[in-house]
Q: 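Pasting in a structure now, in structure tokens, and then I'll have a few things to ask.
Letters A, B, ... mirror the listed sequences (proteins, then strands); counts begin at 1.
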Protein chains: 2
Amino acid sequence: MSRWKPDARGRLIKAAIELFAERGYDATTVTEIAERAGLTKRTFFRYFSDKREVLFYGSEELERIWLEALTATPTDASPLAAVMAGFDPIAELFEGRLPFARLRAEIIMANPELQERELIKLQRLAESIKAALVERGIAHDAAMLAAQTGLTVFHVAFARWVAQEDPTAFRRLIDESLDELSEVITAEPAATRRSSG
Amino acid sequence: MSRWKPDARGRLIKAAIELFAERGYDATTVTEIAERAGLTKRTFFRYFSDKREVLFYGSEELERIWLEALTATPTDASPLAAVMAGFDPIAELFEGRLPFARLRAEIIMANPELQERELIKLQRLAESIKAALVERGIAHDAAMLAAQTGLTVFHVAFARWVAQEDPTAFRRLIDESLDELSEVITAEPAATRRSSG
DNA sequence: CACAGCATGTCACCTGGTGCCATCAACTAC
DNA sequence: GTAGTTGATGGCACCAGGTGACATGCTGTG
């Protein structure tokens, strides 16, 4: 028994996405996912640290790509420019994966637990980016704010991308979000806030 | 049996914080928390929707206060100014609770699951703030970015507050973070980003 | 006293998640 | 070819988080 089968991880991901789409995340048990993939629950948990993680496989690659682009920018570039350098390769990574991304986004949007996981993934990414900026000599807090700002732009653009009716280029959506950030921020000089007391 | 006891929720929170501080979050079972509070596991889950939530009771009040301050600002105020209006009452809410906040922060920092929950709470808060801004006629995306930016400043200031050796006023830390955000952003005109390809 | 309502307890049950060991295929060495 | 090794998987017992259904007991109120 237990003949070896290729791409166990990929089959588990496929089975999970299908079942989540069919009956929802909560109504799907790990045992069912494993069965559809021709495996057992125990094996599922050897590939994914928990049930949610099956929807987030690949986020390490995203981080790797983003950090590579960041560290490749000249060291005299501004923090925000360095953060935004990751946008292009990421956009390339996503082009063509819209159907999968949309299905996945629908599943996640329907479940608070999954939204938690998505958020923490983005946050971890922001922390990695921040660390990379600090490595380049940027001050701790400036790095954090730049990283967070870049992530927000990315997040807004991504949400628009999966919600879009026509498959607009991801990169174009990023530029739109970026322009709006500029408008929001530059319209708000620090002096507009009330004096502390 | 089962004589009624006052403030069951408060006793559960106290017992949970104590046990988490003593042996860590993972090494503490819900049954143990309930026992220390003189109750049962079933009752714990009547007061808190899950084990983590016992550390986040009170976040609804934070949201309520913030939104009140926001809606109280004149409608011609800028989005970011409206968001930042919440800083003062929130600072008031926190002053004097530093020991509790610090203990809680240590517990959360030691556990990824709890960090997920904290993040999603902040995100929900950002969404509420965004919704309130939209209600005032701010455009959807500008509202989101303003809310997110305000939350980031709040988050940075809060992290500093609990990490501080001497109990600096929370409000002062907010102003510091705000100044740094201004520096980071205003040093980065949109023109510095690469032209889209 | 009878009754309603509320907080709590009790119990059975499901599922996510893990530790431990058995099994089986493929590969290597002799 | 046989023995041993390695790596992926299955099987199983077990723990803890979480829930539904029902019982119990206190408190107030007519």
Q: Please name all residues satisfying side-chain contact (heavy atoms from CB on, under 4.5 Å) with Glu127(B), sequence neighbours left out, ordered by chain then number.
A: Gln123(B), Arg124(B)
Q: Which residues in residues 110-118 of chain A have at least one heavy atom lying under 4.0 Å from any atom of DNA chain C?
A: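 None, since no heavy atom is under 4.0 Å.
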Q: Quick one, which residues of residues 43-50 of chain B touch DNA chain C with a heavy atom under 4.0 Å?
A: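 Hits under 4.0 Å, by residue number: Thr43(B), Arg46(B), Tyr47(B).
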Q: To the nearest Å, give me how far apart CG (Asp7(A)) and C1' (dT9(D)) are.
A: 16 Å
Q: Does the pair Arg136(B) and Leu70(B) meet the rule for a side-chain contact (heavy atoms from CB on, under 4.5 Å), with working shown?
A: CA-CA 10 Å; Arg136(B) 290 158 63 92; Leu70(B) 193 160; 3.6 Å; yes
Q: Within the supplied structure, the quantity of interest is the number of heavy atoms (other residues, nucleotides, ligands) at a distance under 6.0 Å from Phe56(B) CZ; does it exceed 12?
A: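 Yes, CZ of Phe56(B) has more than 12 neighbouring heavy atoms, counting only those of other groups under 6.0 Å.
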Q: Connecting only ILVMFWY residues whose side-chain heavy atoms lie within less than 4.5 Å of each other, what is the rest of Met109(A)'s hydrophobic cluster?
A: none
Q: Inspect the surroundings of CD in Glu135(A) and state if more than 12 heavy atoms from other residues, nucleotides or ligands are less than 6.0 Å away.
A: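 No, CD of Glu135(A) has 12 or fewer neighbouring heavy atoms, counting only those of other groups under 6.0 Å.
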Q: If the condition is side-chain hydrogen bond (donor to acceptor under 3.5 Å, both in side chains), which residues does Glu18(A) pass it with, not counting sequence neighbours?
A: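 Glu18(A) satisfies side-chain hydrogen bond (donor to acceptor under 3.5 Å, both in side chains) with Lys14(A), Arg36(A) once adjacent residues are dropped.
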Q: Which residues in residues 23-31 of chain A have a heavy atom closer than 4.0 Å to any atom of DNA chain D?
A: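 Nucleic-acid contacts, sorted: none.
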Q: Output, in order, the C-alpha distance, side-chain angles, deciding distance and verdict of side-chain contact (heavy atoms from CB on, under 4.5 Å) for Phe48(A) and Leu55(A).
A: CA-CA 10 Å; Phe48(A) 305 103; Leu55(A) 282 169; over 6 Å; no
Q: Salt bridge (Lys or Arg N to Asp or Glu O under 4.0 Å): which pairs involve residues 65-86 of chain B, sequence neighbours left out?
A: Arg64(B)-Glu68(B)
Q: Report the residues that fulfil side-chain contact (heavy atoms from CB on, under 4.5 Å) with Lys51(A), sequence neighbours left out, ordered by chain and then residue number.
A: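 With neighbours one apart ignored, the set is Phe20(A), Tyr25(A), Val30(A).
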Q: Between dG17(C) atom C1' and Glu53(A) atom CD, what is the distance in whole Å?
A: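 Distance, rounded to whole Å: 14 Å.
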Q: Do Leu39(A) and Phe44(A) have side-chain heavy atoms sitting under 4.5 Å apart?
A: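 When only atoms from C-beta onward are counted, Phe44(A) and Leu39(A) do not touch, as no gap falls below 4.5 Å.
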Q: Among residues 34-42 of chain A, which residues get a heavy atom nearer than 4.0 Å to DNA chain C?
A: Lys41(A), Arg42(A)
Q: Rounded to whole angstrom units, what separation is found between the CD atom of Glu32(A) and the C1' atom of dG17(C)?
A: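 Computing the Glu32(A):CD to dG17(C):C1' distance gives 17 Å.
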Q: Output, in order, the C-alpha distance, side-chain angles, deciding distance and verdict of side-chain contact (heavy atoms from CB on, under 4.5 Å) for Thr43(A) and Arg46(A).
A: CA-CA 5 Å; Thr43(A) 298; Arg46(A) 286 201 180 92; 3.8 Å; yes
Q: Any donor-acceptor pair under 3.5 Å linking the side-chain atoms of Thr152(B) with those of Gln148(A)?
A: no
Q: Taking only residues two or more places apart in sequence, or in another chain, which ones meet Ser59(B) in a side-chain contact (heavy atoms from CB on, under 4.5 Å)?
A: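 If we apply the side-chain contact (heavy atoms from CB on, under 4.5 Å) test to Ser59(B), skipping adjacent residues, the hits are Lys121(B).
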Q: Which angle, rounded to 10°, do you find between the first-five-pair axis and the last-five-pair axis of the helix from dC1(C)-dG30(D) to dC30(C)-dG1(D)?
A: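 That helix has its two terminal axes inclined by roughly 10°.
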Q: Using whole Å, what does the distance between atom C1' of nucleotide dG16(C) and atom CZ of Arg52(B) come to?
A: 12 Å
Q: Checking Glu113(B) now: which residues fulfil salt bridge (charged side-chain N to carboxylate O under 4.0 Å, His left out) with it, not counting sequence neighbours?
A: Arg52(B)
Q: Is there a side-chain contact (heavy atoms from CB on, under 4.5 Å) between Glu116(A) and Leu119(A) once you walk through the steps?
A: CA-CA 5 Å; Glu116(A) 282 192 61; Leu119(A) 262 183; 5.9 Å; no
Q: What is the distance from CG of Leu19(B) to C1' of dG17(D), rounded to the nearest Å?
A: 16 Å
